[in-house]
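What follows is a single structure, written as structure tokens, with notes after it.
What you see is a predicted model; the values in this text were computed from it and never measured. Values below: every heavy atom of this structure, side chains too, minus hydrogens, waters and symmetry copies.
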Amino acid sequence: MVPAEVISKPTPAYTTEARNLRIEGEVVLEVVFEASGRLRILRVVQSLGHGLDESAVQAAGQIRFTPAKRDGQPTDYTALVHIVFQLA
């Protein structure tokens, strides 16, 4: 089994509320990297609230990856994705 490989991961957008409250941390999502090349979000494992969970879901939807392979064939792969929110 060769796991899915992330090629690019976008920077998530901050909400105005979260920026004003200076919230930093990470939202953890359980996702399926599908053999078809699509990413399916199953659930939010760790939340930050203040609109950042939704922003993390949007950012995760833009992740580009190569599918996992089992015996040389593309296969679905479930994993946790960490979307980090940091103020500069």
Applying salt bridge (charged side-chain N to carboxylate O under 4.0 Å, His left out) to Arg43 and not counting sequence neighbours gives Glu30
Item to complete: Please examine the side chains of Ile83 and Lys9, heavy atoms only from C-beta on, and report whether any two atoms are closer than 4.5 Å.
Response: yes
Could you check whether any side-chain heavy atom of Phe85 comes within less than 4.5 Å of a side-chain heavy atom of Thr15, counting everything from C-beta outward? no
Note: Glu26 and His82 closest approach over all heavy atoms is OE2-ND1, 3.0 Å
Cluster overlap [X] with [Y], hydrophobic side-chain contacts below 4.5 Å:
| X | Y | value |
| --- | --- | --- |
| Leu29 | Val32 | no |
| Val45 | Ile41 | no |
| Phe33 | Val44 | yes |
| Leu48 | Leu21 | yes |
| Leu52 | Leu87 | yes |

Extract all donor-acceptor atom pairs below 3.5 Å that involve side chains of residues 54-79 and protein atoms in other chains or at least two apart in sequence.
unit_1, atom_1, unit_2, atom_2, d
Ser55, OG, Ala13, N, 3.2
Ser55, OG, Ala13, O, 2.4
Asp76, OD1, Ala35, N, 2.8

To the nearest 0.5 Å, atom NE2 of His50 lies from atom OH of Tyr14 at 11.0 Å
